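See below for the structure under consideration.
Computed from a prediction, not measured in an experiment: that's the story for all the values here. Note on naming: letters A, B, ... go to the chains in the order of the sequence lines (proteins, then strands), and numbering restarts at 1 for each one.
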Amino acid sequence: MLTRNIAGVIVFSIVAVFFIFTALLMHPFGVPDESDMDDYIIDNTQEETGANNGVTAVVFDYRGFDTLGEATVLFAAVTGVIVLFRRLKK
Amino acid sequence: MNVPDYIIPLIVAIPLLGAFLTPLVSRINDKLRNIFVIIVLALNAVLVFLLASDILTTGIKTYVFGAKDLSYPIVRILFEVDAMSIFMAIISSILVLVAVVYSWSFMEKNTGLDKYYTLILLLTAGMLGMVLTGDMFNFFVFLEITSIASCALIAFWIHRGESVEAGFKYIVISAMGALFVLFAVALLYGQYNALNIALLSSVIQYTFLDKIALVLLIVALAMKAGIVPMHMWLPDSYGSAPSSISIILVSATLASLYGVFRVIFTLYGNVLSNIANFGIPVNVFIGWLIVALAMVSILIGVIMALIQTDFKRLIAYGAVAELGYMFLGIGAGITALGTAYGKTALDGGIFHIINDALDVGLLFLVAGAIYYATKETSLDKLGGLARNMKYTTVFFVIGLLAVAGMPPLNGFASKLLIYESTFQLNPILAIVAILSSILLLAVFVKVFYSAFMGPQLPKFKDVKEVPKSMLFSMGVIACIIVIFGLFPEVIINNIVEPAANALIGYSEYISQVVAGGI
Amino acid sequence: MTYIELIHIIVPILIVGASIVAVLLRDLLAAVIAIAAMSLLLSLEFYILQAPDVAIAQAGVGACLTTAIFVIAIRATKRMEGEA
Amino acid sequence: MIYNIPYLAVAALILLGLYALIFKRNLIKMVIGITLIESGVNLFLITLGYRKESIAPIYTSSPGGIMSFPVPQALTLTSIVIGVAVIALMLSLVMHIYRHYGTLDARETRRLKE
Amino acid sequence: MSGMSKIVKTISSIIFPFITIYGLYVIAHGHLTPGGGFQGGAVVASGLAMLLVAYGSVWTMGKLKEKHLSINQTLESVGAIGFIGLAFFGLIFGTKIFFNNFLVNKQDYLFGATVKLGETAANINTAGILPLMNFAVGLKVIAGLFGIVLLMAYATRLKEGK
Amino acid sequence: MFTIETGSGFWNPIIWAIVIVVTFLLIYILRSLGKKGYKKDTEQVKSFLSGNPEYAKEKMHVKASNLYWGFTTSLKGLYALLRKMHTGNTSDYVLWFVIVLAIFLLVEVI
């Protein structure tokens with residue numbers, strides 16, 4: 001158990017250092033490097049989808065298939081919970 | 001053969017629609033529901049084969065959701081299907097179809113079967129989506145669908161504490177892995193403002209953040225694929241799930257394996273020949289890391305399988321060892337990228353994916369058949385079943401010989417390719433792989449002896465052969481194994497070789513989407 | 001340092017503080033309340049990061065429903081962390 | 001550098017989640033760890049899409065000007081719902097484990113080993 | 001799980017309609033203002049969960065039978081089928097693309113009005129299939145999330161070993 | 001159609017299958033050359049343990065965990081280590097993930 005905790009602390013600190021470096025090396029807060037995709041969406045949303053809310057346009061139109069997947073995840077979770085709490089006898 | 005473009009989304013959409021309809025259909029009649037599910041999956045398999053025949057003759061196909069054309073900043077989700085994707089899709093659709101036919105009798109006495117079939121359809125959609133998609137975030141979503149559906153199915157026998165425990169372990173592991181995948185996707189998005197695999201691949205730079213993303217993706221997906229030392233959830237979940245689910249889980253882990261290869265070969269394909277630290281190219285670095293993981297997987301998988309007493313846990317450890325062989329072949333292929341034997345290793349690794357899926361799947365089905373007949377999975381208590389279950393015994397022998405790589409079955413053909421090519425990379429690798437293969441044979445001979453041979457035990461006197469639907473599904477897989485063993489060249493030339501070329505040919509993958517290529 | 005910059009610094013610190021409390025507390029119910037507070041603060045952070053859609057979703061799902069199912073699960077099991 | 005504080009908060013959240021997963025023995029604490037990792041990743045996505053002095057990408061109320069990115073917000077919405085689904089399933093399994101094992105200690109809920 | 005005091009019950013009964021109306025507003029105006037199917041669905045489901053917590057699962061389970069649970073599941077299925085069905089309609093009508101927004105900018109149909117570019121007043125009659133998808137997803141999310149809470153509350157009886 | 005080239009050799013399952021069929025034919029021929037003195041339901045088929053009573057069927061069957069006893073005993077140290085590794089604790093599963101992550105980060109990124 002002690003070995004485990006020592007090993008845990010060591011690898012945890014290694015991973016922590018890398019994560020903090022990742023955070024420091026990201027582009028500065030609020031100043032993204034590139035914005036091709038999002039600029040295209042911001043410019044064309046109203047024309048192409050007729051929606052005034054850019055996020056809804058992305059959720060249901062540009063990336064609608066993701067939303068289908070997400071609805072499926074929720075469906076799967078509900079089905080899973082029903083399976084877990086079902087009656088065992090008919 | 002030319003098929004219309006809209007067949008590509010239908011491959012994912014039809015199981016989804018089927019899943020949403022199943023609860024309503026099962027209100028009417030149970031038998032109707034089973035037939036409905038089988039028809040949906042059979043239709044899907046037909047569509048996959050039609051698409052495969054098209055892809056293998058004409059090359060990569062793309063499908064953009066919601067728009068006809070592909071304007072430059074790729075804002076929409078697109079499916080990009082190449083030979084590797086369709087190879088994995090074929091495996092998934094075959095295994096799921098077989099598992100559903102098998103479940104007809106196997107799960108007959110359980111309650112909640114409408115939910116069971118719904119979850120199987122969702123799982124199918126998730127796996128097919130994972131292998132067909134060309135978008136990183138979409139990949140994550142399908143990964144989550146796959147893990148949630150499989151978690152609920154692993155814990156399906158809720159009256160057994162072990163099943164619930166295995167389900168909890170699986171969901172913790174896969175939720176964490178998926179979140180790290182999402183983090184890596186977000187890292188890539190933050191730098192390049194793109195989510196499309198081809199687009200990302202054309203602009204990737206291999207900076208510090210890219211390296212972090214690469215490591216996170218490889219480790220998280222390798223964990224989902226069950227590589228030692230992150231394999232411990234795999235025997236738990238394979239062993240505790242119903243057998244018909246274990247066979248689908250095999251294909252689900254293989255979909256994660258596909259994710260690893262897609263990330264290395266396509267997403268980072270552009271930078272693989274860069275020079276990293278100490279003047280070593282990146283591909284050698286990654287290749288040797290993967291080969292090291294593969295060797296550990298083979299050894300630990302086989303050694304742990306030797307001491308198992310539970311039938312399905314034993315097969316699961318065997319599956320870990322088999323995963324090691326695939327990783328060995330493909331790791332050697334990455335290390336020796338561009339050489340002739342590297343190509344052979346890649347062929348062997350990819351060919352082994354389909355062989356392993358079939359062999360391990362057949363063994364799980366046999367384990368399920370024994371459980372169905374005797375209500376027993378502990379090898380210590382089984383014995384002498386060959387007298388009562390003749391067909392099952394034959395199928396088990398076929399699966400045993402195939403999984404241990406005995407000629408002339410299919411396992412040998414792919415393992416031979418791996419041995420011969422890794423010998424040229426480093427002889428020790430090939431020798432250890434061959435010795436482990438012999439040990440694997442010993443492991444399964446132990447199962448064969450203790451379950452099927454020996455005197456007929458009195459408590460198993462009245463054991464009967466399993467119902468026809470189970471025999472049929474085992475027989476189908478056994479036939480495929482024998483055919484693959486007898487005609488390896490046909491399979492390699494027609495399916496495996498294009499898949500290997502698709503993995504290597506990342507520039508073609510990119511040029512389908514990004515105008516002008518790289 | 002302007003007012004909005006100050007908020008951008010304070011709210012993440014509060015979020016991390018709430019999550020540290022959530023990890024350290026031995027009373028699971030209190031830990032879940034800390035998670036709810038963290039979710040609400042996260043929702044506020046989303047709002048000031050110009051994502052009102054996500055803020056609504058996070059407030060509804062994260063702060064309310066997740067807390068509800070956590071509380072239900074804790075009531076069905078045990079309240080303290082270390083109990084045998 | 002002071003402006004990278006949201007990113008540091010992301011790192012802190014993910015690491016706290018990992019800490020809870022590795023060093024905490026209570027299963028519900030482990031679920032809390034997953035929640036923390038998920039919140040961290042969500043915050044990361046939203047932070048990536050923020051531009052200084054921007055407004056939300058909604059045209060109805062916009063006085064004109066630069067907008068923050070809509071795509072990460074859509075991704076985060078998806079991620080939030082996925083998160084609640086995963087957590088619900090996990091907690092159901094925890095309830096079942098408690099029924100079968102009578103404990104929530106991760107060291108004692110291990111009939112499956114070796 | 002037993003219920004809470006009478007004050008809590010009364011107050012939540014009074015607040016609940018407002019929460020529901022706000023959630024439905026968020027769903028219906030998803031394409032114009034912040035919100036959409038998920039957010040509104042989550043808000044309504046939160047309101048329902050609040051009622052559940054206030055009245056306690058014992059009282060709720062006395063009122064709700066298995067039939068109601070299965071109605072909930074059917075509603076969820078219907079929402080999901082509606083969503084994927086709208087996606088399939090894109091394959092059948094118009095330009096024959098899966099997930100195609102086949103109603104946008106077609107004046108003759110509901111939600112088909114063209115939106116004025118730039119900052120405009122809210123016109124609810126825009127955005128093609130987006131509002132319809134919002135409704136389908138909203139139905140699905142309400143049923144799904146409330147179903148999860150309800151089932152888990154119902155399962156607290158597991159503690160007594162029944 | 002049948003042969004696969006591996007780069008340094010080839011593999012042809014049909015030759016192997018023919019060899020197997022021929023071997024089985026030989027075995028069958030040799031078997032049919034033997035004496036035909038087998039009779040059912042006589043003393044001939046009963047097992048004979050030098051006069052001692054026959055054990056029960058369950059006892060006659062070697063248990064699966066007793067197979068390969070020599071192998072497992074000689075690798076006792078390794079197996080003790082492996083059993084210690086496979087704790088079955090969910091936190092340890094996560095810890096293994098973090099260990100591999102740390103190794104990969106150290107090797108790959110630095």
Side-chain angles (χ1 to χ4, degrees), chain B residues 168-169 172-173 176-177 180 208 211-212 214-216 218-220 222-223 229-230 232-233 236 277 285-286 289 293 300 303-304 306-307 309 340-341 344 379-380 382-384 407-408 412-413 416-417 420-421 423-424 442 446-447 449-451 454-458 485-490 492, chain F residues 1-20 47 54-68 71-72 75 78-79 81-83 85-110:
Chain B
F168 182 73
K169 285 173 178 173
V172 167
I173 290 293
M176 194 188 56
F180 276 95
F208 179 84
K211 287 180 195 171
I212 299 257
L214 173 66
V215 170
L216 286 174
I218 290 182
V219 177
M223 175 171 71
M230 301 172 287
M232 285 123 171
W233 61 269
D236 294 354
N277 312 321
F285 241 99
I286 299 175
L289 276 173
L293 281 185
I300 293 197
I303 290 175
M304 287 303 291
L306 204 65
I307 55 165
T309 53
Y341 69 89
T344 314
L379 289 172
D380 282 343
L382 290 169
F412 178 75
L416 183 74
L417 290 174
E420 298 238 339
S421 48
F423 190 83
Q424 294 180 40
K446 162 184 153 180
V447 180
Y449 173 77
S450 53
Q456 188 173 30
L457 301 182
L486 290 181
F487 306 102
E489 207 218 349
V490 179
I492 287 184
Chain F
M1 183 165 183
F2 300 111
T3 319
I4 49 172
E5 300 282 344
T6 58
S8 49
F10 74 97
W11 158 244
N12 192 330
I14 295 301
I15 299 176
W16 195 280
I18 290 170
V19 168
I20 288 179
S47 48
E54 192 188 344
Y55 290 122
K57 296 272 190 195
E58 281 90 347
K59 276 199 161 180
M60 298 276 284
H61 187 54
V62 183
K63 292 268 189 294
S65 37
N66 298 340
L67 285 169
Y68 305 128
F71 189 86
T72 45
L75 289 178
L78 178 64
Y79 273 117
L81 181 71
L82 284 178
R83 277 176 205 271
M85 267 170 58
H86 293 76
T87 48
N89 186 341
T90 319
S91 312
D92 288 354
Y93 294 9
V94 179
L95 181 59
W96 278 112
F97 169 74
V98 179
I99 288 174
V100 177
L101 192 63
I103 293 171
F104 264 65
L105 282 172
L106 283 179
V107 174
E108 182 65 36
V109 178
I110 289 180

So F:Trp11 and B:Phe412, do their side chains get closer than 4.5 Å, heavy atoms only?
yes

Nearest atoms (heavy-atom pairs only) where B:Met232 meets F:Met85:
CE-O, 3.5 Å

Check whether B:Phe423 gets within reach of chain F through its side chain, its backbone, both or neither, counting any heavy atom under 4.5 Å.
neither

What part of F:Ile15 gets within 4.5 angstrom of chain B, counting heavy atoms only: side chain, backbone, both, or neither?
neither

Quick one: of B:Leu289, B:Ile300, B:Leu417, B:Leu416, who has the most non-hydrogen atom pairs under 4.5 Å with chain F?
B:Leu289

Between chain B and each of F:Thr72, F:Val94, F:Val19, F:Ile99, count heavy-atom pairs under 4.5 Å; write down the option with the most.
F:Val94

Comparing B:Val447, B:Leu214, B:Leu306, B:Leu382 against chain F, the one with the most heavy-atom pairs below 4.5 Å turns out to be B:Leu306

Quick check on F:Tyr93 against chain B: is it the side chain, the backbone, both or neither that has a heavy atom closer than 4.5 Å?
both

Distance-minimising heavy-atom pair for B:Pro488 and F:Pro13
CD-CG, 3.6 Å

If we define contacts as heavy-atom pairs under 4.5 Å, which of B:Met230, B:Glu420, B:Met304, B:Met176 has the most with chain F?
B:Glu420

Enter the distance from B:Ile218:CD1 to F:Leu101:CG here, rounded to the nearest 0.5 Å.
11.0 Å

Tell me, out of B:Thr344, B:Ile286, B:Ile303, who's got the most heavy-atom pairs with chain F below 4.5 Å.
B:Ile303

Do B:Met223 and F:Val100 have side chains that approach each other closer than 4.5 Å (heavy atoms only, starting at C-beta)?
no

For B:Leu379, is it the side chain, the backbone, both, or neither that has a heavy atom closer than 4.5 Å to a heavy atom of chain F?
both

Report which part of B:Asp236 has an atom under 4.5 Å of a heavy atom belonging to chain F: side chain, backbone, both, or neither.
side chain

Given that the side chain runs from C-beta out, which part of B:Ala442 has a heavy atom under 4.5 Å from chain F: side chain, backbone, both or neither?
both

Give a yes or no on this: more than 12 heavy atoms of other residues, nucleotides or ligands lie within 6.0 Å of atom CZ of F:Phe10.
no

Heavy-atom proximity to chain B below 4.5 Å, by part of F:Leu78:
side chain

